[in-house]
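Inspection log for the structure reproduced underneath, given as structure tokens.
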Amino acid sequence: MVRVLCVAEKPSIAKAVANHLAGQARAENVRGIQWVKNYKFDFGFDRWGQCSVTFTCVAGHIVEQDFGERYKKWTSCQPAALFEAPIESRIAAARKAVATNIEAEARYASILYIWTDCDREGEHIGTEIRDIALKVNPNMQVWRARFSNIERAHVIRASQNPVRLDEAQAQAVSARIELDLRLGVAFTRMQTLALQNMIPQQSEDRNKLISYGSCQFPTLGFVVDRYLRVRNFIPEPFWYIRVAHTKDDIDVKFNWRRGHLFDRMAVILIFERCLLAKSAKVIKMAKKPTAKWKPLPLTTVELQKMGSRFLRMTSEDVMKVAEDLYTKGWISYPRTETDQFDPGINLRALVGKQTQDGQWGRFAQNLIDGEFQQPRQGRNNDKAHPPIHPVNYIVPTTLNERERTVYEFVVRRFLACCSKDAVGEATDIEIDYGGEIFHAHGLTVIARNYLEVYRYDRWESSQVLPQYTVGETFEPTEANMHDGETTAPAYLTEPELIGLMDANGIGTDATMADHIAKIKKREYVIARTKTGGGAAGRGRGRGRGGARGGRGGRVGAAAAQNGGGDTGGVQEFIPTTLGIALIEGYDNMGFETSLSKPFLRKEMEVQMKAICEGRTTRNDVVQQNLEQYRAVFNRTVQQIHVLKSAVTKYVVNANHG
DNA sequence: GCAAGGTC
């Protein structure tokens with residue numbers, strides 16, 4: 001019988017696919033690794049007939065790239081030499097047993113069938129597996145499965161339609177690996193050696209490390225950018241008009257359509273026109289149904305944003321806990337960009353597992369009893385993993401506190417997705433007063449629906465507004481001119497930072513939390529827990545700040561209508577003097593695009609796509625980038641005084657003063 | 001003592 005060796009990227013895929021193909025596969029232990037099993041079974045492939053199959057896995061990359069011995073020691077070469085120093089590939093120390101297992105199985109198989117994730121990194125991992133297998137058995141045929149989820153029918157279809165590895169995608173990753181290594185290590189050594197004597201030692205036995213990385217620097221850049229905007233903020237006064245009217249014992253406040261103006265004289269003139277008009281006329285009185293949409297299926301980025309906003313955990317902790325819940329089998333794979341459920345998945349069955357819970361069980365039961373609605377479809381699909389959802393019920397009290405918090409969030413989010421939008425009625429009233437438009441907005445929540453289970457969203461009825469009729473006129477009970485001033489934006493919070501990284505392609509969903517943790521560890525930023533609520537998305541500078549100090553009083557706006565509900569405990573980031581000095585130093589070097597900005601990383605992403613599409617080659621991209629960065633590197637060395645003087649200004653002086 | 005990306 002033909003022997004086929006299948007290799008997945010991680011244990012869960014190997015197990016799921018093997019069991020789909022086999023019915024029930026026999027799991028054999030592998031020496032030296034508890035979490036890898038070799039699943040053995042027979043299977044009929046259209047192409048090769050009845051085969052004897054071993055289905056095993058790796059755990060991410062197996063091969064590691066590093067500089068050779070000669071360049072390992074910091075003092076052994078100039079950092080600039082790392083732009084061309086030879087790079088060696090070897091099996092990572094922690095992956096020896098995995099590689100040995102593949103070698104052992106490959107010796108007896110004639111076909112290698114690769115089942116790594118269908119993304120760029122998966123394609124590269126596939127080539128790593130192939131190289132290891134071909135070394136012991138050069139005659140193997142190499143194939144690859146194209147699959148985008150692990151639903152049974154899909155997997156079986158994929159198994160019968162093998163394709164070839166996509167070399168271009170693997171090459172794109174290879175370019176990324178080489179560039180990140182050379183640039184990261186070269187700049188890290190250079191700036192550490194140049195600056196470490198100016199900076200207090202981190203601890204007695206360890207020298208301060210001043211690292212550079214294509215992701216950590218832009219991440220730091222976002223924090224510094226916001227900090228400088230806060231520090232350089234100059235409040236601007238503004239003026240506005242507010243009208244109130246009491247009807248049916250209800251005090252209705254009308255807001256000025258223009259919001260506010262920064263010209264006091266202009267507001268005075270308009271205000272006088274209003275007063276002259278004496279009476280206001282209702283020009284719109286509309287009640288219309290409105291809804292608050294239920295959330296989209298959960299992606300990794302969203303989990304980290306929501307986690308750092310509502311669960312009093314850092315994004316790093318949220319990911320750690322989510323990975324734990326995944327390996328224990330309670331939730332699905334936590335690294336996904338997909339916000340749409342595959343039509344094949346049995347969502348009702350998953351909801352059904354939650355009916356036994358004391359807190360959300362009744363809600364789940366109601367869904368089963370008829371309230372269930374298909375989740376919304378987002379726009380993202382990584383074709384590898386479904387949205388994050390609970391796969392099994394676990395009594396929350398048997399989990400530790402952090403696990404419980406994350407599990408509860410995943411479950412509530414999932415149940416919310418399978419529920420209905422919240423329904424309400426919006427009332428909009430507009431009046432014309434001296435030629436100016438003022439409006440009042442009211443909301444009555446009619447059915448909370450998904451909000452019953454998803455307590456992270458807020459949507460509450462406002463004060464009930466009285467009935468007006470279009471054409472009706474009245475004399476306002478109160479008409480006042482108020483003043484206020486714009487308020488500085490707040491420091492960058494963790495959910496905001498994750499949003500910026502995501503939008504700018506800094507890191508991947510799986511690594512964003514690592515980069516944030518790294519700039520903390522390097523002491524480029526400090527994280528501090530924000531107290532009180534109302535954190536995110538506030539005050540983006542001019543004109544958005546709340547109106548403070550209005551003399552007429554009663555200026556404080558009602559609570560945020562939407563998405564508020566911050567419980568406090570959000571992390572906010574403030575750069576250290578060292579962090580500011582690094583960013584300012586590079587910004588002052590006069591490069592077209594500073595290393596602190598996200599553009600270089602974005603550009604690398606564009607070039608990786610070009611490699612994938614065959615428009616350029618791996619070597620061209622690597623050579624061109626190395627050339628470009630070598631120029632930046634050399635100029636940085638020549639102008640190291642610019643960097644040093646920023647460090648002097650922010651770190652040295654700050655510590656003596 | 002260095003990067004970023006997989007994953008356990």
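Naming convention: chains lettered A, B, ... in sequence-line order (proteins, then strands); numbering from 1 in each chain. Atom set for the values below is all heavy atoms of this structure, side chains included, hydrogens, waters and symmetry mates excluded.
Residue-level contact check: Gly122(A) touches neither bases nor backbone, having no heavy atom under 4.0 Å from any strand. Using a 4.0 Å heavy-atom criterion, one finds that Thr192(A) contacts the bases of the nucleic acid, with or without backbone contacts as well. Contacts of Gln216(A) with the nucleic acid, taken as non-hydrogen atoms under 4.0 Å apart, involve only primed sugar atoms and P, OP1 or OP2. Across all strands shown, Asp514(A) has no heavy atoms under 4.0 Å from either base or sugar-phosphate atoms. Heavy atoms of His515(A) sit under 4.0 angstrom from primed sugar atoms or phosphate atoms, though from no base atom. Here Arg120(A) lies out of heavy-atom contact (under 4.0 Å) with every strand. Backbone-only engagement by Tyr326(A) is indicated by non-hydrogen atom pairs under 4.0 Å involving sugar-phosphate atoms exclusively. Glu9(A) comes within 4.0 angstrom of the backbone, heavy atoms only, and of no base. Contacts of Lys320(A) with the nucleic acid, taken as non-hydrogen atoms under 4.0 Å apart, are absent. As judged by a 4.0 angstrom heavy-atom cut-off over every strand, Glu123(A) is placed among residues making no nucleic acid contact.
Whole-Å rounding puts the Phe187(A) CZ to dC2(B) P distance at 18 Å. Note: CD1 (Ile13(A)) to P (dG6(B)) measures 15 Å, nearest angstrom. The distance from atom CZ of Arg182(A) to atom C1' of dA4(B) is 15 Å, rounded to the nearest whole Å. One interatomic measurement links the two molecules: NZ of Lys10(A) to P of dG5(B), which rounds to 16 Å at whole-angstrom precision. The nearest whole Å value for the distance from the CZ atom in Phe67(A) to the P atom in dG1(B) is 16 Å. The CH2-C1' distance, from Trp74(A) to dC2(B), rounds to 5 Å in whole Å. Spacing between atom CG of Asp66(A) and atom P of dC2(B) amounts to 11 Å, rounded to whole angstrom units. Note: CD1 (Ile199(A)) to P (dG1(B)) measures 19 Å, nearest angstrom.
Nearest heavy atoms, Lys72(A) versus Asp66(A): CE-OD2, 3.3 Å.
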Starting from the C-alpha separation in whole Å, work towards a yes-or-no answer on ring pair (Phe, Tyr, Trp, His ring centres under 6.0 Å) for Phe55(A) and Tyr113(A). CA-CA 9 Å; Phe55(A) 211 122; Tyr113(A) 202 172; 8.2 Å; no
Please evaluate residues Arg413(A) and Glu302(A) with respect to the criterion salt bridge (Lys or Arg N to Asp or Glu O under 4.0 Å), reporting the C-alpha separation (whole Å), side-chain torsions for both, the decisive distance (0.1 Å), and the verdict. CA-CA 11 Å; Arg413(A) 172 77 169 222; Glu302(A) 179 74 0; 3.3 Å; yes
Glu337(A) vs Lys383(A), salt bridge (Lys or Arg N to Asp or Glu O under 4.0 Å): CA-CA, chis, key distance, verdict: CA-CA 9 Å; Glu337(A) 294 170 35; Lys383(A) 302 276 179 173; over 6 Å; no
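Sparse packing is recorded around CD of Glu69(A), with 12 or fewer heavy atoms of other residues, nucleotides or ligands lying under 6.0 Å away. The 12-atom threshold is exceeded at NZ of Lys40(A), counting heavy atoms of other residues, nucleotides or ligands nearer than 6.0 Å.
Each of Arg189(A) and Ser12(A) lies near DNA chain B, and the nucleotide nearest Arg189(A) is the one positioned closer to the 5' end. In terms of position on DNA chain B, the residue among Gln196(A) and Arg335(A) whose nearest nucleotide sits closer to the 5' end is Gln196(A).
Ring centroids of Phe591(A) and Tyr586(A) are separated by 6.0 Å or more, keeping the two rings apart.
Of the listed nucleotides (dA4(B), dA3(B), dT7(B)), dA3(B) has the atom at the smallest distance from the side chain of Thr188(A). Distances were taken from every side-chain heavy atom of Leu181(A) (C-beta onward) to each of dG5(B), dT7(B), dA3(B); the shortest belongs to dA3(B). Here the nucleotide nearest the side chain of Pro11(A), chosen from dC2(B), dG5(B), dT7(B), is dT7(B). Across dG5(B), dC2(B), dG1(B), the shortest atom-to-atom separation from the side chain of Val185(A) is found for dC2(B). Closest to the side chain of Thr511(A), from the set dG1(B), dA3(B), dG5(B), is dG5(B). When distances are taken from the side chain of Arg176(A) to each of dA4(B), dG1(B), dC2(B), the shortest belongs to dA4(B).
Close to dG1(B), at under 4.0 Å from its OP1 or OP2, lies no side-chain N or O of Lys72(A). Between Ser211(A) and dA3(B), a side-chain N or O to OP1/OP2 separation shorter than 4.0 Å is present. For His61(A), no side-chain nitrogen or oxygen approaches OP1 or OP2 of dA4(B) to under 4.0 Å. Between Arg522(A) and dA3(B) there is a side-chain N or O to OP1 or OP2 distance below 4.0 Å. At the phosphate of dT7(B), OP1 or OP2 sits under 4.0 Å from a side-chain N or O atom of Tyr333(A).
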